[in-house]
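Worksheet: the structure to be examined is printed underneath.
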Amino acid sequence: MNQWELKTWRLGLGLTQKQAAEALGRSKSWVSSAEIGRRPIPKTIELLCQQLQKNKKRMRRVGR
């Protein structure tokens, strides 16, 4: 996952940087730095993003 994919993921879920940070177990400053390419994005964060996106889609289908 690169910086653009992280930001696209966040915006696609309608999350602020603070909300994304809470969901990922990171700080808002980490998310901000990662989105501008100052921090590498670990594979574990990429996998967590994928899982959170799947969960969000499931919630939409159930009507929540």
Side-chain angles (χ1 to χ4, degrees):
M1 173 175 267
N2 64 36
Q3 66 199 59
W4 310 112
E5 291 168 329
L6 178 64
K7 188 168 186 175
T8 300
W9 167 82
R10 178 177 65 80
L11 296 175
L13 292 181
L15 300 175
T16 64
Q17 285 184 339
K18 183 178 179 181
Q19 292 168 325
E22 290 171 1
L24 298 172
R26 298 290 175 134
S27 67
K28 181 187 173 292
S29 64
W30 183 91
V31 172
S32 177
S33 294
E35 286 185 355
I36 60 173
R38 288 194 178 151
R39 291 191 181 271
I41 301 166
K43 185 67 174 178
T44 54
I45 294 296
E46 180 178 355
L47 295 172
L48 182 54
C49 289
Q50 291 171 2
Q51 189 60 48
L52 290 169
Q53 190 164 3
K54 287 178 186 177
N55 290 348
K56 183 86 171 193
K57 286 179 182 177
R58 283 188 199 125
M59 296 296 278
R60 286 185 194 142
R61 278 186 265 156
V62 175
R64 297 181 187 180

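This chain uses plain numbering: 1 for the first residue, then up along the sequence.
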What is the distance from atom [atom1] of [X] to atom [atom2] of [Y], rounded to the nearest 0.5 Å?
X: Thr8; Y: Gln3; atom1: OG1; atom2: CD; answer: 10.5 Å
X: Glu46; Y: Asn2; atom1: CD; atom2: CG; answer: 9.0 Å
X: Arg38; Y: Ser29; atom1: CZ; atom2: OG; answer: 11.5 Å
X: Ser32; Y: Lys7; atom1: OG; atom2: NZ; answer: 9.0 Å
X: Trp9; Y: Lys56; atom1: CH2; atom2: NZ; answer: 10.0 Å
X: Lys28; Y: Ser33; atom1: NZ; atom2: OG; answer: 9.5 Å

Shortest non-hydrogen contact between Ala34 and Leu6, atoms and distance: CB-CD2, 3.6 Å
Could you pull out the closest heavy-atom pair between Arg10 and Ala20, with the gap in Å?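 Heavy-atom minimum between the residues: CD-CB, 3.7 Å.
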Verdict with supporting geometry, Ile45 and Trp30, side chain to side chain contact (heavy atoms under 4.5 Å, CB included): CA-CA 12 Å; Ile45 294 296; Trp30 183 91; 4.0 Å; yes
Do Gln17 side-chain atoms and Val31 backbone N/O form a donor-acceptor pair below 3.5 Å? no
